[in-house]
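Report on one structure; see the data block that follows.
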2 protein chains.
Amino acid sequence: MPRQPAPPRPLKTPGSEVTASGASVQQAPLDPQPAKARRARAPRAKPNALALDTVDSSYLQTLMGYNARRAALSIIELFLERLAPYGLKPVDFSVMSTIGHNPGVTSRQLCATLNLLPPNLVGLIQSLESRGLIERKPHPHDGRAVGLHATPKGQALMVQAERTATELEIEKTAKLTPAQRKTLLALLQKIYL
Amino acid sequence: MPRQPAPPRPLKTPGSEVTASGASVQQAPLDPQPAKARRARAPRAKPNALALDTVDSSYLQTLMGYNARRAALSIIELFLERLAPYGLKPVDFSVMSTIGHNPGVTSRQLCATLNLLPPNLVGLIQSLESRGLIERKPHPHDGRAVGLHATPKGQALMVQAERTATELEIEKTAKLTPAQRKTLLALLQKIYL
DNA sequence: TATTGTTATACTCTATAACTATA
DNA sequence: TATAGTTATAGAGTATAACAATA
């Protein structure tokens with residue numbers, strides 16, 4: 001989440017000329033704006049004569065990794081601001097939320113679910129515990145494991161935090177219709193799940 | 001891109017029950033699989049009785065930031081492997097690609113376009129230059145600025161690197177139809193552009 | 001005065017190896 | 001032997017402040 005000094009973004013807004021054809025399900029309209037003078041997208045463009053004012057990043061914009069990362073960072077930037085009052089960063093939030101919705105979950109399960117590494121979770125858990133947001137209870141079946149539970153204080157915090165997160169996300173995706181938002185979530189999950 | 005020791009991922013594949021309605025454009029089908037017994041998505045679910053085996057992350061899956069980040073990391077993980085032979089990490093790749101497509105682009109422009117901070121670009125540029133992949137030439141109009149150009153060696157490298165990146169991306173998005181892929185790119189850009 | 005590029009530096013995030021205690 | 005949790009630590013990534021040269 002790099003906060004820039006104050007750089008004007010010369011990124012051009014593409015006319016998002018996107019169609020699709022398929023089988024069984026209806027879809028969301030992708031171009032609410034009246035299709036503005038659509039510049040031909042260069043599939044293998046020849047370089048800019050000389051990059052004097054505008055910068056062409058049309059190739060990078062064809063890459064899912066690039067677009068997903070840029071979108072994620074854009075959202076996370078606002079997330080950090082809005083969730084700072086709760087003392088929660090994205091990973092803290094994910095961990096607290098998962099514990100809240102899965103009482104007794106173990107560190108091992110958290111790592112697998114959220115794709116974290118065990119050593120990096122240790123300090124995080126200790127911090128949440130020392131803040132009184134979670135409790136560690138012995139695991140019923142496995143003597144090695146420890147069950148994690150949100151305290152009433154932690155639960156109350158997360159009700160607010162999740163509400164804030166959801167609101168912020170709706171703001172950040174304001175250019176999307178609810179249908180498009182739903183579509184986007186489902187398509188992203190097809191990549192990483 | 002956290003590489004796990006070898007954890008079985010208890011993440012459940014959602015039935016991606018996604019519909020959409022809208023106005024002017026056709027869309028891609030979101031559910032190629034024969035709609036499998038669809039579990040009710042909990043909008044504000046009550047916690048798992050006890051997280052013994054499976055972990056419920058349905059709330060996080062409603063967050064764009066979470067999904068975008070997970071998808072991005074999933075792609076970047078493979079990106080790192082496949083682009084390692086070229087000595088390029090994601091940011092190096094973005095910078096080289098942008099220079100290649102925009103001869104004479106300045107550091108300042110790169111920062112604005114790729115959302116990087118100037119101090120972090122310095123070492124990166126120096127590294128690319130010392131590898132003989134780019135050249136720095138005086139800017140025609142501005143004595144302070146330096147124009148960046150890809151050398152023939154750098155150009156040749158990037159032809160291969162971009163081909164590799166595009167291939168890897170198609171692999172990672174194999175569960176998506178071309179139409180869905182196009183849709184996804186356009187929707188992501190609506191968030192960060 | 002404002003901007004480009006740079007240095008130095010601090011802070012955070014992520015990754016690896018190795019240990020312990022339980023199974 | 002394998003796994004859950006932990007420790008210590010290294011490395012990469014990202015951030016801020018301040019400076020010189022040019023506009």
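Every chain is numbered from 1 and lettered A, B, ... according to where its sequence line falls, protein lines coming before strand lines. Reckoned from all heavy atoms, side chains included, excluding hydrogens, waters and symmetry mates.
Side-chain contact check for B/Ile75 versus B/Glu169: some heavy-atom pair is nearer than 4.5 Å. Considering only heavy atoms from C-beta on, B/Leu83 comes within 4.5 Å of B/Leu168 through its side chain. B/Val146 is not listed as a side-chain neighbour of B/Pro138, based on a closest heavy-atom distance of 4.5 Å or more.
A straight line from CG of B/Leu117 to P of C/dT9 spans 19 Å, rounded to a whole angstrom. Between the CD atom of A/Gln109 and the P atom of D/dT3 there is a distance of 15 Å, given to the nearest Å. Atom CG of A/Leu121 is separated from atom C1' of C/dA15 by 14 Å (rounded to the nearest Å). Rounded to a whole Å, the CG atom of B/Leu116 is 15 Å from the P atom of C/dT4. Rounded to whole angstrom, the span from the CG atom of A/Asp92 across to the C1' atom of C/dT12 amounts to 12 Å. A straight line from CG of B/Asn120 to P of C/dT7 spans 13 Å, rounded to a whole angstrom. Protein atom CD1 of B/Ile125 is 9 Å distant from nucleotide atom P of C/dG5, rounded to whole Å. Nucleotide D/dT14 holds its P atom 12 Å from the CG atom of B/Leu114, rounded to whole Å.
Contact annotation: A/Gln126 side-chain N/O to D/dT7 OP1/OP2 distance is under 4.0 Å. Applying the 4.0 Å criterion to OP1 and OP2 of D/dT6, one finds that A/Arg136 has a side-chain N or O inside that range.
For B/Arg108 against C/dT4, no side-chain N or O and base N or O form a donor-acceptor pair under 3.5 Å. No hydrogens or angles were tested; on distance alone, nothing pairs the side chain of A/Asp142 with the base of D/dA4 as donor and acceptor under 3.5 Å.
Among the nucleotides C/dA15, D/dA17, C/dT4, the one closest to any side-chain atom of B/Arg144 is C/dT4. Set against D/dA4, D/dA8, C/dT6, the side chain of A/Ala145 has D/dA4 as its closest nucleotide. Listed nucleotides C/dT12, C/dG5, C/dA15 differ in distance to A/Lys89; the shortest reach to its side chain belongs to C/dT12.
Where B/Gly143 and B/Pro90 meet DNA chain D, the nucleotide closest to each residue was compared, and B/Pro90 sits on the side nearer the 5' end.
Aromatic pair B/Phe93/B/Tyr86: ring centres not closer than 6.0 Å.
By the 4.0 Å N-to-carboxylate-O rule, A/Glu167 lies too far from A/Lys172 to be salt-bridged with it.
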